[in-house]
Amino acid sequence: MTNRLASSTSPYLQQHAQNPVHWHEWGDDAFAEARRRDVPLLVSIGYASCHWCHVMAHESFEDEATAAYMNEHFVNVKVDREERPDVDAVYMAATQATTGQGGWPMTVFTTPDGHPFFCGTYYPPQPVGGLASFRQVLEAVADAWATQRTDLEHNAGLLGGALGARPAIGPGQGPLSDAALEAATAAARDEITGDYDAQNGGFGAAPKFPPSMVLEWLLRRAARAHDIVAMDMAEHTLTAMARGGMADQIGGGFARYSVDARWTVPHFEKMLEDNALLLRVYLHWWRASGSALALDVVERTARWMTRALHTDQGAFASSLDADTDGVEGLTYVWTPAQLVEVLGEEDGAWAAEVYGVTEAGTFEHGTSVLQLRHDPGADAAERLASVRRRLLKARRARPQPDRDDKVVAAWNGLAITAMAEAGAVLGHRKWVGVALRAAVLLDTVHLRSEPTGPNGAPQTRLMRTSRDGAAGSAPGVLADYAHVAEAFLTLYSVTDDEHWFVRAGELLDTVLSHFADDEGGFFDTADDRTDPVLARLQRPHEIADGPAPSGQSAAAAALLTYSALSGSARHRQAAELALAAPLAIAPRAPRACGWALATAEAMLDGPVQVAVIGRDLDPSTAELAQAAWRSTAPGAVLAVGDPERMEVVGTRVPLLQGRTLVDGLAAAYVCRGFVCDLPTTQPAQLVRALGGAATAPGAR
C-alpha cells in the first residue's frame with residue numbers, strides 16, 4: 001500500500017511512498033491536520049542521494065512499530081530539500097541554533113503552526129554512543145507535548161523570534177568603493193592562507209568539500225592582482241582533487257566530498273551542482289595555465305555530465321545516489337583481483353600500481369578507491385586510456401546507483417554556464433548544443449508569464465523544478481533566478497542569440513521587484529511567493545555560500561554581467577549593494593564567501609566590456625570571440641554582433657549599438673570603466689588589451 005507521497009513529483013518523496021508512515025507533503029493539508037488533531041508535526045528533511053537519509057528510512061520509517069507510533073502521535077511531513085530550499089533553510093537555521101550543528105536527514109518537531117521546538121538530524125534505531133534512539137526521541141517529544149506543552153510553546157516562540165532577527169552585518173551601508181572592495185579581498189586572501197592545507201591542498205580538516213567558489217576567486221585574483229600565492233593555493237588544491245579518490249578516475253565527474261584530508265575516500269554521491277562548478281573552475285585553470293591535467297578533467301567531467309545526467313527532455317538530472325543496492329560505493333571500488341579479471345595479469349597489475357589499488361584496500365572490505373597520484377607519463381597515455389575504457393565498460397555491467405532525475409533550475413543554470421563556456425573556449429560546439437537544449441527546457445517549462453508587475457503588468461516568473469518535462473509546484477528562489485539569468489547571458493555571448501539576453505533581463509527585473517531587501521541586497525524568496533508558515537518564522541536571507549553560491553552572491557554576479565552588457569547603472573548598483581553583506585564577513589570567513597569574492601574581483605577588473613562586430617560566417621569573427629573567451633580577465637563580458645543583421649533588425653544589446661566593421665574587417669571593441677580603446681582586428685592585440693596572455697589554441 002502506498003501513502004500520499006506516491007503522487008509527488010519528487011524522486012526523494014517517492015522513495016518513501018511505500019513507508020507505513022502516513023507521510024504528508026509540505027503544505028496546508030498537513031498543518032490543517034495537525035491543528036485538527038492538536039498534535040505536533042514531525043518534519044523530516046532530506047534528499048534522494050543522501051546516504052544517511054536512506055539508512056534512517058530503512059531502520060525507522062520502514063519499521064511497522066515505529067511508523068505506528070509516529071502516525072499516532074504526530075502529523076508526519078517529508079520534505080525534499082532540493083525542491084524546497086526555503087523550508088530547509090529555515091529549519092536548518094533552527095537546528096544549528098539549538099544543536100550547534102546541522103545535516104541531513106534533518107528531524108524537526110514543530111507546533112501545529114510550524115514553529116520548531118526540538119531539532120536534530122539522524123537518529124539510530126537503538127541508542128549508540130550517547131545518541132538517543134529514534135523511538136526514545138519520539139516518546140520524549142510526545143510526552144513533553146502532553147505534559148509540558150506550555151513550556152514547549154514558549155520555547156518555540158523564543159526560537160522563532162531568534163530566527164526572525166536580522167543579523168547586524170552591514171546591509172544598508174550602501175555600495176562599496178573600489179578601495180573597500182580591494183581591502184576586503186586582500187584581507188580575505190590573508191585569512192584563507194592561514195586555513196590552507198599546504199600538505200594536502202584544500203582548506204581546513206576532514207571532511208573536505210571541493211572549495212569550487214573559493215578556487216574561482218583565487219584564480220580571478222591571481223589573474224587580476226598577479227597574486228602568486230593565490231595561484232599556488234588554487235593549483236595545488238585542483239591538482240590534489242583531480243588525482244585523489246573524490247575524482248572518478250575512469251568515469252569522469254566528482255563525488256560530493258572526501259571523508260579524509262588527503263582526498264582519498266569520497267562520499268560517493270555525485271551532484272550536478274558540484275560538477276558544474278568544478279567543470280568551470282578547471283576550465284579556468286586550463287585557460288590560465290595550459291595544464292594537461294586541467295584539460296583532461298574538463299573533458300571527462302563534461303562527457304560524464306552529458307552521459308550520466310542528461311535527461312530525455314534535454315536538461316540535467318540532479319544527482320546519482322551514494323549507494324548501490326543499499327551499499328555505499330559498490331559501483332566504484334576495486335580489488336587487485338577484479339582488475340586482473342577485467343584487464344589480464346599484466347595490465348591488471350599495472351593498473352593496480354597506477355591507481356593505488358592494494359590488497360589491504362583504501363575503503364571498506366579490502367576494496368580500493370581509484371586514485372591517480374602520479375602521472376604514468378606520456379609514453380603510457382594510450383595504455384592508460386585503454387585501461388580506462390575497459391574498466392569503465394566492466395563497471396557499467398555492475399549494478400548502478402539510482403538517479404534523481406528531478407531538474408533543478410539553479411543547478412541547470414550552473415551547468416549551462418559551464419558547458420556553454422567550455423564549448424566556446426575549447427571549440428566544442430557539441431557542448432554548446434547540450435547547454436542550449438537544457439536552456440530551452442528551462443525557457444519553455446520553468447518560465448512563465450504572470451501579471452505580477454506594477455499595475456498587473458506581465459512578469460517572467462520561474463518554477464524551481466521539473467520532472468519528465470512537467471514543472472513542479474515550488475516557486476523559484478533567488479538562486480534559481482540568478483543562476484538561470486547568468487546561464488542565459490552566457491548563452492547569449494556564445495550563440496549571439498539576443499533572445500537569451502532579453503530573457504535574462506526579464507528574470508533580473510523580477511529579482512529587483514520581488515526579492516529586494518529595503519536594507520540592501522536580496523531575500524531568498526519572492527515577496528509574493530514566501531511560504532506563509534515560513535513567513536511567520538523567518539524570510540530566508542542567506543549570504544554565505546553552501547555547496548553552491550548563495551542566492552545573494554549569485555544575484556550580484558548576474559546583475560554585474562547584465563549591467564556590463566546593457567550599460568544599466570541600476571543593475572550595477574544593485575550588484576554592489578548585494579555584495580556589501582557577504583564582503584562584510586569575508587575577511588573573517590572567506591570560505592563562506594567565495595562567490596562574493598570572485599564577483600568582487602570581476603567588479604574591480606571593470607568589468608571589461610568586449611564587443612566583437614563581424615559577419616557570422618567570417619572566421620575572423622570567431623577568432624576574435626575565442627580570443628576574448630580565452631582571456632583570463634576576471635571581469636570580461638562578450639557581445640558579438642553581425643553588422644548586416646543589426647542593420648536590418650537592429651540590436652537589443654546596448655553594448656553593440658553604434659559598432660561597425662573596421663575597413664570591412666571583423667573588429668573587437670574593448671571598454672573598461674566607461675573608457676573604450678580603439679578597435680582592433682587582431683586577436684593578439686585583443687588579448688593584450690584584456691591584460692594578459694590567452695592560452696594558445698593548441699596548448700595541452
Side-chain angles (χ1 to χ4, degrees), residues 219-220 223-224 280 283-284 287-288 417 420-427 432 486 488-498 500-501 504-505 557-568 571-572 575 598-599 601-616 618-643 645-646 651-662 665-695 697:
L219 289 177
R220 293 187 186 188
R224 182 189 67 83
R280 195 177 184 200
L283 175 72
H284 292 172
R287 190 173 62 182
T417 296
E421 188 175 341
V425 171
L426 297 173
V432 176
E486 187 76 52
F488 287 179
L489 292 171
T490 303
L491 264 185
Y492 160 67
S493 294
V494 171
T495 66
D496 187 21
D497 184 346
E498 293 186 6
W500 301 112
F501 173 79
L559 288 161
L560 182 65
T561 301
Y562 186 80
S563 72
L565 290 167
S566 67
S568 169
H571 290 79
R572 167 81 185 209
T599 305
E601 296 291 346
M603 195 171 283
L604 285 166
D605 194 45
V608 184
Q609 301 160 302
V610 183
V612 171
I613 305 299
R615 297 178 182 88
D616 288 341
D618 184 352
S620 298
T621 306
E623 289 173 5
L624 287 168
Q626 193 173 60
W629 278 115
R630 293 194 177 208
S631 164
T632 59
V637 297
L638 173 65
V640 181
D642 184 317
R645 185 174 66 251
M646 289 193 296
T651 178
R652 291 173 287 185
V653 182
L655 184 57
L656 294 177
Q657 293 172 358
R659 314 291 187 185
T660 62
L661 300 174
V662 174
L665 301 175
Y669 296 75
V670 178
C671 304
R672 182 187 276 108
F674 307 105
V675 178
C676 297
D677 298 337
L678 291 173
T680 179
T681 60
Q682 300 299 315
Q685 291 181 3
L686 174 58
V687 169
R688 287 194 291 273
L690 292 174
T695 306

Just jot down the side chain to side chain donor-acceptor pair (under 3.5 Å) partners of [X], sequence neighbours excluded, or say none.
X: R615; answer: E644
X: D496; answer: R645
X: R224; answer: E182, E601
X: S568; answer: H571

For this session: Give me the one residue out of D497, V653, V637 that meets side chain to side chain contact (heavy atoms under 4.5 Å, CB included) with Y492.
Result: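 When side chain to side chain contact (heavy atoms under 4.5 Å, CB included) is applied between Y492 and each of D497, V653, V637, only V653 qualifies.
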
Exercise. Can you tell me if R630 uses its side chain to pair, donor with acceptor, with the backbone of V425 under 3.5 Å?
Worked result: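 Judged by distance alone, yes, a pair lies under 3.5 Å.
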
Exercise. Within the side chain of Y669, is there an N or O that forms a donor-acceptor pair under 3.5 Å with the backbone of Q609?
Worked result: no

Might you point out which heavy atoms bring [X] and [Y] nearest each other, and give the distance in Å?
X: L624; Y: A668; result: CD1-N, 4.0 Å
X: A627; Y: V687; result: CB-CG2, 4.1 Å
X: R220; Y: T599; result: NH1-N, 4.0 Å
X: A636; Y: D605; result: N-OD2, 4.4 Å
X: A611; Y: L655; result: CB-O, 3.8 Å
X: L661; Y: G614; result: CD2-CA, 3.8 Å

Close side-chain approach of [X] to [Y], heavy-atom, < 4.5 Å:
X: V494; Y: W629; result: yes
X: R572; Y: P607; result: yes
X: E498; Y: L656; result: yes
X: I613; Y: M646; result: yes
X: L489; Y: F501; result: yes

Reported [atom1]-to-[atom2] distance for the pair [X] and [Y], which is rounded to 0.5 angstrom:
X: L638; Y: T561; atom1: CG; atom2: OG1; value: 12.0 Å
X: E421; Y: L426; atom1: CD; atom2: CG; value: 10.0 Å
X: S620; Y: Q682; atom1: OG; atom2: CD; value: 8.5 Å
X: D677; Y: Q685; atom1: CG; atom2: CD; value: 10.5 Å
X: L219; Y: R280; atom1: CG; atom2: CZ; value: 11.5 Å
X: D642; Y: D616; atom1: CG; atom2: CG; value: 4.0 Å

Problem set entry | Set of residues satisfying side chain to side chain contact (heavy atoms under 4.5 Å, CB included) with respect to T621, sequence neighbours excluded |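 If we apply the side chain to side chain contact (heavy atoms under 4.5 Å, CB included) test to T621, skipping adjacent residues, the hits are V612, D618, V640, A666.
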
Exercise. Can you name the salt bridge (charged side-chain N to carboxylate O under 4.0 Å, His left out) partners of E623, sequence neighbours left out?
Worked result: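 Once residues adjacent in sequence are excluded, E623 has no partner under the salt bridge (charged side-chain N to carboxylate O under 4.0 Å, His left out) criterion.
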
